[in-house]
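Only this structure's heavy atoms are used, side chains among them; waters, hydrogens and symmetry mates stay out.
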Amino acid sequence: MLYGVLKFSDYPKAKVLKIDTSEAEKLVGVYRIFTAKDIPGEKKVGLILQDWSVMIDESETTHYIGDVIAGVVADTDEIARKAIELIKVEYEVYEPITDVFKAIEAERIHPERPNNFDTVKFTVGNADEAMKKAKYISKGHYETQRIEHGFLEKEAAIARPDGKGGIELLSQSQGVYEDRRQVAMILNLPEDKVRVTLIPNGGGFGGKEDMTIQGHTSLFAFLMKKPVKITLTREESIRMHPKRHPVFMDIEVGADEKGKLIALKLNAVGDTGAYASVGMKVLERVAGHAAGGYFIPDVDMIAKTVYTNNIPCGAMRGFGANQVTFALESCIDDICEQGSFDRWKFRWNNALVDGLKTST
């Protein structure tokens, strides 16, 4: 078995002018160095949108600091890591777009679609009119941060040729069928030529839904016709895999004099980072779960998913509901304080029961 190590971009947004592997190739124990030019199939993959670059080629622009420029396969992980340091990359460095609100109006990160590439709306009744009848209103701006999953086991994978023109992948992911589909795309193979075995993965929580090293491990093993293992360091893991979405929320909640919720308005913007991952589904749930477990008859909710040059954001426990619940429950606490309502009783009185409609 040989060992692979990945060379990551030095900049979140930079045009790769030249990749010089000559010094790395001279190192004893190095078998081969791979770049995007070696990919036989699709150069981009993704869970929903096919936008995630497997490797960034010369003349292409990086999207975040976890983009892969090259890969080294060597006798040991240690040798491969020494070789990575010897690869020289020339860049034309650009200013990254890191502010999600500026990104909405900024130059496209992916030329094929706008940065605000998905907007979801849920509207029931007339929240503006209903809000005029509210005795108590809580209105505010709430923000949540990008969060690392912190799973105990870092990403690791082994791939080996199956002797029949296909590949077998031992994966630490959260989706063997997604791995198979995307690895087949990269290798230009039919899916039945890719076999993925899920190894118990030491924690995931959403952070291992997207492809990280599975594609590279499979690519290197397939082209070299030898077993290859890639294991990320903790720093590489944090640099590469998607996080929980930071969501910026303007929310308004209204209740009548008896403490019954009557209206809700939400405008949310989520920073999905450099690649879509499952971002639009997360923001769909931000809007869809904005009313929480309560009956609110009139709602007007909008959530936007926006590209930036930050580390991508995707699935994490709660999947958008956590972020918006923080905003909603803060508003409910505020209304309880305004009207001297018991915080538990107020929630009990407004809870959904059989026969009532959810906000969606």
Side-chain angles (χ1 to χ4, degrees), residues 3-27 30 32-39 43-46 51-74 77-100 102-103 106-111 115 146 148 154-155 207 210-217 219-220 230-243 246 271-277 307-314:
Y3 294 82
V5 173
L6 304 178
K7 171 84 172 174
F8 294 100
S9 173
D10 294 304
Y11 303 97
K13 188 178 181 184
K15 187 176 184 180
V16 177
L17 303 177
K18 189 182 179 189
I19 305 168
D20 181 1
T21 61
S22 56
E23 287 302 310
E25 286 163 4
K26 293 175 189 172
L27 195 65
V30 170
R32 186 166 167 183
I33 296 174
F34 296 88
T35 65
K37 292 181 174 64
D38 295 303
I39 299 171
K43 303 271 198 297
K44 293 184 178 184
V45 293
D51 65 350
W52 199 314
S53 301
V54 179
M55 288 198 265
I56 303 291
D57 203 352
E58 290 176 333
S59 82
E60 293 179 348
T61 301
T62 66
H63 301 114
Y64 85 116
I65 57 168
D67 273 332
V68 178
I69 306 292
V72 171
V73 174
D77 185 81
E78 186 182 11
I79 293 170
R81 292 193 177 280
K82 284 180 183 171
I84 283 293
E85 297 301 318
L86 297 174
I87 295 174
K88 301 288 181 281
V89 184
E90 285 181 33
Y91 298 96
E92 185 178 310
V93 182
Y94 304 131
E95 185 71 28
I97 301 165
T98 57
D99 183 304
V100 72
K102 289 178 182 173
E107 175 193 0
R108 290 184 175 194
I109 285 165
H110 298 280
N115 291 342
R146 181 177 279 97
E148 158 68 28
K154 306 156 300 178
E155 293 84 349
D210 297 82
M211 289 260 283
T212 48
I213 54 170
Q214 300 96 302
H216 304 95
T217 311
L219 174 68
F220 302 166
I230 296 180
T231 306
L232 296 183
T233 64
R234 179 64 66 189
E235 290 82 359
E236 289 169 342
S237 171
I238 290 172
R239 182 179 192 143
M240 193 177 193
H241 75 253
K243 313 291 180 241
D271 178 359
T272 210
Y275 298 112
S277 179
Y307 284 128
T308 64
N309 288 120
N310 295 319
I311 291 178
C313 291

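Between the Thr233 side chain and the Glu236 main chain, a donor and an acceptor come within less than 3.5 Å of each other. Looking only at distances, a side-chain donor or acceptor of Lys243 sits under 3.5 Å from a matching main-chain atom of Ile238. Checking side-chain atoms of Asn115 against main-chain N and O of Ala103 turns up a donor-acceptor pair under 3.5 Å. In this structure, Gln214 contributes its side chain and Thr212 its backbone to a donor-acceptor pair below 3.5 Å. One N or O on the side chain of Asn309 and one on the backbone of His63 form a donor-acceptor pair closer than 3.5 Å.
Contact check for Ile87 versus Val72: side-chain heavy atoms found under the 4.5 Å cut-off. The closest side-chain heavy-atom distance from Leu17 to Tyr91 is not below 4.5 Å. Under the 4.5 Å side-chain criterion, counting only non-hydrogen atoms from C-beta, Pro312 is in contact with Trp52.
Summarising the geometry, atom OG1 belonging to Thr21 is positioned 11.5 Å from atom NZ belonging to Lys7; distances are rounded to the nearest 0.5 Å. The structure places OH of Tyr11 at 13.0 Å from CD1 of Ile65, a figure rounded to the nearest 0.5 Å. The OH atom of Tyr64 lies 7.0 Å from the CZ atom of Phe8; values are rounded to the nearest 0.5 Å.
A donor-acceptor contact closer than 3.5 angstrom links the side chains of Glu155 and Ser237. Judged purely by distance below 3.5 Å, without hydrogens or angles, the side chains of Asp210 and Ser277 pair a donor atom with an acceptor atom. With no hydrogens or angles considered, a side-chain donor-acceptor pair links Asp51 and Tyr307 at under 3.5 Å. Side chains of Thr308 and Asp271: a donor-acceptor N/O pair is present below 3.5 angstrom, by distance only.
Under the 4.0 Å criterion applied to side-chain N and carboxylate O atoms, Lys37 and Glu58 are assigned as salt-bridge partners. Here Lys43 does not pair with Asp57 in a salt bridge; the nearest charged N to carboxylate O distance is not below 4.0 Å. A salt bridge is absent between Lys102 and Glu107; no separation between the charged side-chain nitrogens and carboxylate oxygens falls under 4.0 Å. Using a 4.0 Å cut-off between charged nitrogen and carboxylate oxygen, Glu148 and Arg239 do not count as a salt-bridge pair.
Between Tyr275 and His110, the gap from one ring centroid to the other is short of 6.0 Å.
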